[in-house]
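To find a chain, count down the sequence lines: A is the first, B the second, and so on, and within it residues start at 1.
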Amino acid sequence: MPITYVFKISIAIDQIPQFRETLEKRIQALKPRQLNQFQVQAVVFQATNQTAIHQYLHSDYSSTCFSLIEPSTPQQEIKVLTGDIGLASLQRRILDGEKKALQLDLIGSAFKLGDFQIKIGTITQNSSNRGLLVEISYCASNNNDAYGVIIEFVESHLGLSNSYEMLSNYVKRKAPTANYTPEDTIIQYYDHFNSLRSQTSQLRSQIN
Amino acid sequence: MAANVPIVNPAQRMAPNMMPVQTQPPYSQQSQAQHQTPASTQQQTNPPVDPDQKKIQDMFEAINLIANLKEDINTILENVGKANSANNYSQLLSSQKQILEANLDSIKSSQATNQTSSVGTPASVSNAYSQNPSVNAQNEPEQNNLNEPNEKQVNLNEEEADFFEKTDNKFMNSKIGDINKSLVELEKIFKDLQPVTILFPFQGSTTIQPWQADFYSVLLEQTFEEKTTVTSSKMINNYRYLTKLQENCNLTNLTSYKRFQQSYAEKKYPKYKSYNNRLMKKEEMEKTVSALLGNPDIKVVAAQKTEHQFVLDIIMPQNFKFVFLLFDLNVERLQVRPMDSRILKIYTSNKPSDEICFYDFDYKNKSNVFQRLEENCLFAWVFFKTEFGINHISNLLKWIKNFKDLFNAKCSRCEKHLLNGIPPTWRDLKTYEPYHDECRIF
C-alpha cells in the first residue's frame, strides 16, 4: 500500500474555493495524469453516553467500511474496525432513529504525477464549506521512512511553507520504520475532522 | 692367494686371522670359542699394523661377536618356553613309544614272512631288514646305507637327553654371564674407535668449483680442506640449522622465497579455489550472503531451482527487494520489485522458500523509482563484473547494501530528496555516496 499524508490547510472559509483553484493550477502546470473524482464520507453517531461512533467511507477502498469509537482520553490508542460495506448500512439502520447523525463530506479532484498521487478536496457540511484538505500518497514506498520525500514535494510543487504543522499529531508520533496501513489514513481524517468540528462548535458558542 | 689377487679387500685379508663364524655350533664348543677370542686376537695382532687396518680388524671382531650373541639369544628364546613345560616330556615319551611300536611291528612282519626266531634289539631290527630275500643277495656297503636312518634316530634320542641337561637353570645362568662379558668387550672396542676421515673425491686433480666450496663450508662450518674431521653431532646441528631456515622462510609468506620452493607440478597446475568453493545448498547461500551484507535488518531468502541455479531475494526494510538469478554465485539477471505487506507475512510464517521465490521474466515495474533503480543496478553489475571477474557478487552486495536509505537520503550534490520526482537512485561505485542520475559524474 502506498504511504499517504493528509495535510490540513488552515485558511479562512471565504478563501477556500480560490485557494483550491490555485493549487490545482500549480499541479496541472506539471502535466499530470488526471484521475476520477474522489470522495470521503464521515458519519458520526452520537450515543446517550457521550461516546460517539464514527463511520468512514473512502472512494479508494470502495467495498470497505471503516468505523471507530471515539476515545475517552486523547492519549488512548485509536483502533479502527474494518468491515464489508454491509456494515455501514447496518449501522445506519440501527442508529438512525435515536438522534440526527452528523455528516461530513469531502469531494475533490485527484492527479497522478510520477509516483505521487495528489488529492485536493473541500470539506462540506450541509452544502457549506468547512475546510480544505490535501492528501498526498507515494506509491513506491510502504514505509514511514519516505516522510522527507513527501514533505519536499509539498513544499516545492504546492508551495506550502509550514507543512509540518499541517500534519496530524498521529503521524508526528509514529515511528520512522513503521509500516503503513489504510487504517492510518482514516485516523488522519478523523483527527482533522475532529479539529474542524471543535472549531465550528467554538464559533457557534461565540455567536450564541 | 694374496699373490694371485692383485687388489685385496682388507676384510678378506684379515679373515683367516679372525675366528670363523660357526654355523649352528654346539653349545659347549661355542662357549669355549668365545672365551678364546680375546686371547687369539692378542696373539695374532702382535706385529705392528697400520692404525686403519687395526680399526677395521676391531670392527670385524665386533661383528663376529654380535653374530655369536644373536645365535645364543635365539637358542635361549626357543628353549625357555620348553624347559619347564610338562607337555614337552609327554611329547618326547610319546615319540619314543611310537618308535618302539614301529620296531615291534616290523619284527612281527618279519616273523610272519620268515619263520625264524630273533631277539627284539635295535641290532636285530637292522638284521630283519637285511633278511629280506631281495636284500640278502646285495653287498655289505648297501646294508650300511640302510642302517643310517636307525643311527639317526639313536642320535636324536641322545640330543633330546642332552636337551634336558642344557635347559637347567645353572647352565642358562652361565650362558648369560658369557653374553654379558662379550658385551663389555664390545663396548671397549667401540670406545677405542676414532672418528671417520672423509676423503673428498676432488683431491687435487679436479678443480674446486665455487658452488662446491660454498656447500661444504656451510655443511662443515669450515673453510675447504683436503681432510676434515667431523663428528656426527656437528653434522646434525648444521642440518637442523638449514631446516630451520626453510621453516622460517615458509612462515614469512614472502612470495619471492616461496616461489623457489614450489615444485614444477604446483606451477603447472595451479589451484583455483573459487571453483572448488561452490555452494551446493540454499542454506549455505543464505548464510554467506547474509554474512556479506552484515545487517540483521536485511532478510535473505534463497530457493534452489536446479543443481546450479538459485533465486535469491534480498528484502530491505523499506519494503522492496532485489531478486537475483544466480548460477553458482555468478549473477545472471537482476530485478528490483516492491513488496506487499501480505507477502511479508508469508515470509514470517516460514513457508518453503521455493514457493515464494521466483523470477518473473515479463515483469515491469509500475513505479519510476524501482525502474530507475533496476537500470542502475544493471550498470553496477556490469561494472563489477568487468572489474572483479568471478568474485563480483561480494562487491555488488556491498554496493546494494547502501540502498537501505533510498527514500531517506539526500543527493550529495544538489542536497535535495527529489529531482524530477525521483529520489537519489545512484550510489557511487567506490565511495557509496548517494546521487541523482542527473547529478552523478561519469
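- With A/Q55 as the fixed residue, the side-chain hydrogen bond (donor to acceptor under 3.5 Å, both in side chains) test singles out one of A/R92, A/Q103, A/Q41: A/R92.
- Using a 4.5 Å cut-off between heavy atoms, A/F116 contacts chain B through its side chain alone, with no backbone atom that close.
- Among A/Q117, A/Q39, A/K119, the one residue that satisfies the side-chain hydrogen bond (donor to acceptor under 3.5 Å, both in side chains) test with A/D60 is A/K119.
- Counted by atom type alone, B/N376 and B/D437 present one or more donor-acceptor pairs between their side chains at under 3.5 Å.
- Contact count versus chain B (heavy atoms, under 4.5 Å) is highest, among A/D115, A/V149, A/N144, for A/D115.
- B/F370 touches chain A through its side chain: at least one heavy atom from C-beta onward sits under 4.5 Å away, while N, CA, C and O do not.
- Using a 3.5 Å distance cut-off with no hydrogens or angles, the side chains of A/D184 and A/Y170 do pair a donor with an acceptor.
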